[in-house]
Number of protein chains: 2
Amino acid sequence: MKLDILTKTETLDIQKTIISKIRDLINAKNLEPGDKLPSERMLSEKFEVTRSNVREAIQKLEFYGLLKSIPQSGTFVANIGVTAMNGMIEDILRLEEPDFKSLVETRILLELKTARLAALRRTDDDLLKMKEALDAYTEKVLNGEDAVQEDLLFHLAIAKASGNSTMNTFMLIITPEIITNFEKYHVCDKGLAQSGIIEHQSIFDAIKDQKPQLAKQKMKEHFSVLYQYCYNI
Amino acid sequence: MKLDILTKTETLDIQKTIISKIRDLINAKNLEPGDKLPSERMLSEKFEVTRSNVREAIQKLEFYGLLKSIPQSGTFVANIGVTAMNGMIEDILRLEEPDFKSLVETRILLELKTARLAALRRTDDDLLKMKEALDAYTEKVLNGEDAVQEDLLFHLAIAKASGNSTMNTFMLIITPEIITNFEKYHVCDKGLAQSGIIEHQSIFDAIKDQKPQLAKQKMKEHFSVLYQYCYNI
DNA sequence: ATACAAAATCTGGTTAACCAATTACAGCTA
DNA sequence: TAGCTGTAATTGGTTAACCAGATTTTGTAT
């Protein structure tokens, strides 16, 4: 198990090394947007690593929109100049694992906004989905069961109703990590679920009645405990 | 070229099919958190697809924190129950490509916050990095050159100074798409760069002087044109 | 029957050979 | 010489064989 972690960080280190070598190469050759990178085989030979490693590194840079691979043709520099390329690669290399405080802070930011937007834009279908999630949550809590999942599904339903696909995606990305940390730090073992029913209902009503400011306010109150907890960690 | 696009969407469809089949399987077998999925080979045989396809689908679900692969052991359901699993997979399947409006909306949300946080938390080193980015931007603009890259690097420097790694990551994710769309819709071909210098300087000063509310306000003014543009698309 | 050891099997990950499409270029034609 | 064509090399992607470690099964001795 310990070995597994070791090899994993080792793999990450190799990837970071390759990424910085790709950056150096782009700088050395003064590659502009649209220019072609050397082939994966050449890079793997030049860097003395396997082609798989090169591919993974390229895919990561592709995820961040810096490169673009085209089958049977080559890998190309995206529509970003050398300056932005250098800056962004440096940022990517220094990216650290998100801490819990950072996750909660971001979640609150996103959810205050999605609640407001949902009140403005929710369709009737959105409302139905939110109602279903709300009922499922309420039932679980009243039965004294654990309802962390239903809790978050209600929040995801709001994100969906916000009509903002980017925020929806970001909520999906942070949700599992939030759940993990909740369980790790036992955030929800504090009888918050009961009061949660009323708070969720208030948020739902505000969105249903299309009152954006109220929805945001109710969401803020819902998170007040989390705020507290976050600052005391 | 058209074929390329076709095969790409086709690949995505296959992946979505596999993901939903994995969901069905988790439901059918009532797999709980920590339970093991069938091996990749069995899944590829059962679903009548290649193992590569199965691996890609699993990796996607791993990215969203729903599964966890352990070498030489198996793929396991993460610490998320069936309910959340079902809801999140449904959301992931329905995720659409982010539209420009959604991107801009999210960017503004993030940047108002990172500006405020940067004013509260920036270190002297952060300040130095921001100053460098600011000077690079100013010089380019004064020389009449295109400075979109330097513009965004300044904003990324702020995100970094915010001390929130999640928001920093999200900024990195949306920045290239913002750039692409800026060029696509010619957002910046409007002589905004000149006024941008003053606005950037104001933001920098507010962060330097550790005035969070002012930093947020100045950032808001900086984005007012973008707001306008976003609503008129 | 039980405890333990050894071997066979099964796992995700890795590697290298293979593929189809693209590209570059040599050579032919007009 | 200009333009075309066919062939060979190059490309990222795919596939199947392979690897090392974990797991299960099997066999043996107590």
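Atom set for the values below is all heavy atoms of this structure, side chains included, hydrogens, waters and symmetry mates excluded.
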Asks: Check salt bridge (charged side-chain N to carboxylate O under 4.0 Å, His left out) between A:D126 and all other residues, then give those that pass, not counting sequence neighbours.
Replies: none

Asks: Given atom CD of A:Q72 and atom C1' of C:dC19, what is their separation to the nearest angstrom?
Replies: 8 Å

Asks: Please state whether the phosphate of D:dG21, meaning OP1 or OP2, lies under 4.0 angstrom from any side-chain nitrogen or oxygen of B:S73.
Replies: no

Asks: Between P on C:dT14 and CD1 on A:I14, what's the gap in Å once rounded to a whole number?
Replies: 9 Å

Asks: In chain order, what residues pass the salt bridge (charged side-chain N to carboxylate O under 4.0 Å, His left out) check against B:R41, with sequence neighbours excluded?
Replies: none

Asks: What is the distance, rounded to the nearest whole Å, between atom CG of B:L67 and atom P of C:dG13?
Replies: 12 Å

Asks: Can you tell me if the side-chain N/O atoms of B:T75 get under 4.0 Å from OP1 or OP2 in C:dG12?
Replies: yes

Asks: Extract all donor-acceptor atom pairs below 3.5 Å that involve side chains of residues 165-178 of chain A and protein atoms in other chains or at least two apart in sequence.
Replies:
unit_1: A:T166; atom_1: OG1; unit_2: B:S102; atom_2: OG; d: 2.5
unit_1: A:T169; atom_1: OG1; unit_2: A:S165; atom_2: O; d: 2.8
unit_1: A:T175; atom_1: OG1; unit_2: A:M171; atom_2: O; d: 2.6

Asks: Only counting residues at least two apart or in another chain, list the ones meeting side chain to side chain contact (heavy atoms under 4.5 Å, CB included) with B:E90.
Replies: B:R94

Asks: Under the side chain to side chain contact (heavy atoms under 4.5 Å, CB included) rule, collect the residues that match up with A:P33, sequence neighbours excluded.
Replies: A:N79

Asks: Is A:R55 near enough to D:dG13 that one of its side-chain N or O atoms lies under 4.0 angstrom from OP1 or OP2?
Replies: yes

Asks: With ring pair (Phe, Tyr, Trp, His ring centres under 6.0 Å) as the rule and sequence neighbours excluded, what pairs involving residues 44-98 of chain B come up?
Replies: A:F63-B:F63

Asks: Of the options D:dA22, D:dT15, D:dT14, whose atoms approach the side-chain atoms of A:R51 most closely?
Replies: D:dT14

Asks: Should A:T50 be listed as having a side-chain N or O under 4.0 Å from OP1 or OP2 of C:dT15?
Replies: yes

Asks: Using a 4.0 Å cut-off on heavy atoms, which residues in residues 25-45 of chain A reach DNA chain D? List them by number, or say none.
Replies: A:S39, A:E40, A:R41

Asks: So if I take the C1' atoms of five pairs at each end of the helix from C:dA1-D:dT30 to C:dA30-D:dT1 and get each local axis, what angle do the two axes make, rounded to 10 degrees?
Replies: 20°

Asks: Considering non-hydrogen atoms only, spot the tightest contact between A:T114 and A:S162 and give its length.
Replies: O-CB, 3.7 Å

Asks: Would you call A:E105-B:R121 a salt bridge at under 4.0 Å N-O?
Replies: yes

Asks: Whole angstrom is fine here: how far is it from CZ in A:F76 over to P in D:dG12?
Replies: 8 Å

Asks: Taking ring pair (Phe, Tyr, Trp, His ring centres under 6.0 Å) as the cut-off, I'd like each qualifying pair that reaches into residues 144-163 of chain A, sequence neighbours left out, listed once.
Replies: A:F154-A:H200, A:H155-A:H200, A:H155-A:H222, A:H155-A:F223

